[in-house]
Protein chains: 2
Amino acid sequence: MEHKTASADEDVEAGTEGPPPGLDTRVVRIVRQTLADQVYGDLKELLLAGRAAPGERFTLRGLASAIGTSAMPVREAVSRLVAENALEVLPNRAVRVPLMPRARFKELRLIRCSLEGLATETAVRAASDAEIAEVEGFERLFAAERDKPEPDGAAAMCHNKDLHFALYRAAHLPTLFQMIEGLWLQIGPVLNLDFRAGPDRVRQGEAHIRHAAMVAALKARDPEAARTALVADIWSAGDFILSRNVLPD
Amino acid sequence: MEHKTASADEDVEAGTEGPPPGLDTRVVRIVRQTLADQVYGDLKELLLAGRAAPGERFTLRGLASAIGTSAMPVREAVSRLVAENALEVLPNRAVRVPLMPRARFKELRLIRCSLEGLATETAVRAASDAEIAEVEGFERLFAAERDKPEPDGAAAMCHNKDLHFALYRAAHLPTLFQMIEGLWLQIGPVLNLDFRAGPDRVRQGEAHIRHAAMVAALKARDPEAARTALVADIWSAGDFILSRNVLPD
DNA sequence: ATCTGTTATCTGTGATCACACATAGCAGAC
DNA sequence: GTCTGCTATGTGTGATCACAGATAACAGAT
């Protein structure tokens, strides 16, 4: 179908003067979007945005009828997410969003420091000027949200995610980026608890200090300083959640 | 069924004196083993053991008929492995063992140093005496294989894996362990290329030196030294593979 | 009234069928 | 002889059906 459309365009636009050399750059790249991929993306978004609470159970058929497909694509999407620890199957075969015991939360925090620290160091060395500017832009958005009289926790959370991910993307290490994404998928449901703590969290938190230090180190091309600031950011946010005593165990 | 069996045992053995408190410790824990899990385990074993070459293609139906099941469990197992980057689907929808370009190999090596370094440090602090002895046992097996007149590369490789995994398991961080396992799943097919280089690789390699240093640091409870030795082990093995110029790109 | 044993409904798992697409092989034209 | 276009086969994807097991509601006994 792709080729046919291209030929039609060609006939209309260029007439009989033969195919111009840049034709294959003009056709849009075909993106295979299987139903399972869509469901997978939807569930991923759900978890990343923190719209699914830990311990929440659901059924394949229920999801399927909600989305409007059969149970099959849902099964595949769920099995993928289970493989990434973003969902879990109980011994009863029930599917749910995993609980987050304190020990598991601490372990994930430790892993995050290691992996995101590595990504940060690498990004500081490898980022282009445009990528640095992008990170700085998200940092400004976050700071602006924080300085509002009525900060929106969800918006701040989103800018925070964009900031971190823009930084990690600048490391140009695709597998590492994907692993970090997997970690955020797991902590997403509990990060939700963080910004739901109310606007005070945004204002009182140390996040903006750490973010400013990260951007400064990025612009100064100082990998160690950037890593230190990032680890402090992750650690203090974790301390805040742990101090709220909302995690089981 | 589990409960019924337990009651029957109870009636016969203990008569009418009521259920003894330790009854639930006598019944074997039920292990749910779905077909998809079995296929997943088989494919995992295949990749970890390096019996699947990078770029090798296969079909769901082919695998299904080889195992003796329908295509459905294979689909689920494959989709899980794809989520872990242990397999990949081409834009043509074909399934294959991923290729390993040099850049990707270097990236994985970097991530391994970070994650396995973290696991090693933690293990040195948290390992029990029994776990230390276990690691040392595998180190002896590896060294013994190396000192044989005709070293078996596959056996040495296996002992190497057992040694590393016993160490990481001793960190008692299940998620971290699982992520490391996922990394080995990805490099498994190319590690195969390493020990297939012939028995010389086993003898000439620096692995035994690093392993001895790791065990020594473990017994001395010196996390930094253990991490240094481990990183050197990973790095030099990677250098060897890179120097053989068998990786594409 | 509480507890136990049963039954009904539902859920995940696996098999089978149907379809769209991709690859390979072959025939025809230049 | 080389290339284009068509056809046949096979593959992944999705839907539907069948079954084992789990949950929950209910009836009966103590």
Side-chain angles (χ1 to χ4, degrees), chain A residues 1-8 10-11 18-19 23 27 29-43 55-83 87-98, chain B residues 1-8 10-11 16 18-19 27 29-43 55-83 87-98:
Chain A
M1 195 199 300
E2 168 188 8
H3 187 266
K4 191 155 58 178
T5 305
S7 298
E10 173 56 28
D11 288 343
L23 190 149
V27 296
R29 187 83 183 93
I30 196 100
V31 282
R32 186 166 307 282
Q33 190 64 315
T34 120
L35 265 184
D37 288 336
Q38 289 185 35
V39 178
Y40 175 76
D42 287 357
L43 293 179
E56 192 174 343
R57 292 228 273 269
F58 63 91
T59 67
L60 298 186
R61 283 178 172 86
L63 263 183
S65 69
I67 305 180
T69 70
S70 96
M72 176 95 13
V74 180
R75 277 170 69 175
E76 187 169 328
V78 165
S79 67
R80 274 192 237 175
L81 289 166
V82 167
L87 292 178
E88 69 178 0
V89 289
L90 302 172
N92 326 334
R93 290 175 175 173
V95 181
R96 73 169 183 190
V97 181
Chain B
M1 196 199 299
E2 168 188 8
H3 186 267
K4 191 155 63 180
T5 305
S7 298
E10 173 56 26
D11 288 343
T16 58
V27 296
R29 187 85 182 93
I30 196 99
V31 281
R32 187 164 307 283
Q33 190 63 317
T34 148
L35 264 183
D37 288 336
Q38 288 184 36
V39 178
Y40 175 76
D42 288 357
L43 293 179
E56 191 173 343
R57 291 228 273 269
F58 63 91
T59 69
L60 298 186
R61 282 178 173 85
L63 263 183
S65 69
I67 305 180
T69 71
S70 96
M72 176 92 17
V74 180
R75 278 170 69 174
E76 186 168 328
V78 166
S79 67
R80 275 192 236 177
L81 289 166
V82 167
L87 292 177
E88 70 177 359
V89 289
L90 302 172
N92 326 335
R93 290 178 175 171
V95 180
R96 73 168 182 190
V97 181

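All heavy atoms count here, side chains included; hydrogens, waters and symmetry mates do not. We name chains A, B, ... by the order of the sequence lines, and we start the count at 1 in each one.
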For this session: Just do the side chain to side chain contact (heavy atoms under 4.5 Å, CB included) check on B:Phe58 and B:Val78 with the steps written out, would you?
Result: CA-CA 11 Å; B:Phe58 63 91; B:Val78 166; 4.1 Å; yes

For this session: Give the angle between the helix axes at the two ends of the helix from C:dA1-D:dT30 to C:dC30-D:dG1, taking five base pairs at each end and rounding to 10°.
Result: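 Axis-to-axis angle, ends of the helix: 10°.
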
For this session: Could I get the full list of salt bridge (Lys or Arg N to Asp or Glu O under 4.0 Å) partners for B:Arg80, not counting sequence neighbours?
Result: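 By the salt bridge (Lys or Arg N to Asp or Glu O under 4.0 Å) rule, B:Arg80 matches B:Asp37, B:Glu76.
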
Problem set entry | Pairing residues for B:Glu88 by the salt bridge (Lys or Arg N to Asp or Glu O under 4.0 Å) criterion, not counting sequence neighbours |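 Expected list: B:Arg96.
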
By side chain to side chain contact (heavy atoms under 4.5 Å, CB included), which residues pair with [X], not counting sequence neighbours?
{"X": "B:Val97", "result": "B:Leu47, B:Ala52, B:Glu56, B:Leu87, B:Pro189"}
{"X": "A:Ser70", "result": "A:Met72, A:Pro73"}
{"X": "A:Ala66", "result": "none"}

Exercise. Does some side-chain heavy atom of B:Thr59 sit less than 4.5 Å from a side-chain heavy atom of B:Val95?
Worked result: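 Not touching, per the 4.5 Å side-chain cut-off.
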
Exercise. Any side-chain heavy-atom pair from B:Leu63 and B:Leu43 closer than 4.5 angstrom?
Worked result: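 The answer is yes; the side chains approach within 4.5 Å.
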
Taking [atom1] from [X] and [atom2] from [N], how many angstroms apart are they, rounded to a whole number?
{"X": "A:Leu63", "N": "C:dG12", "atom1": "CG", "atom2": "C1'", "result": "13 Å"}
{"X": "B:Leu90", "N": "D:dT11", "atom1": "CG", "atom2": "P", "result": "15 Å"}
{"X": "B:Gln38", "N": "C:dT13", "atom1": "CD", "atom2": "C1'", "result": "13 Å"}
{"X": "B:Tyr40", "N": "C:dT13", "atom1": "OH", "atom2": "P", "result": "15 Å"}

Problem set entry | Under 4.0 Å protein heavy-atom contact, by nucleotide of nucleotides 13-19 of chain D - B base, S sugar-phosphate only | BBBB-B-

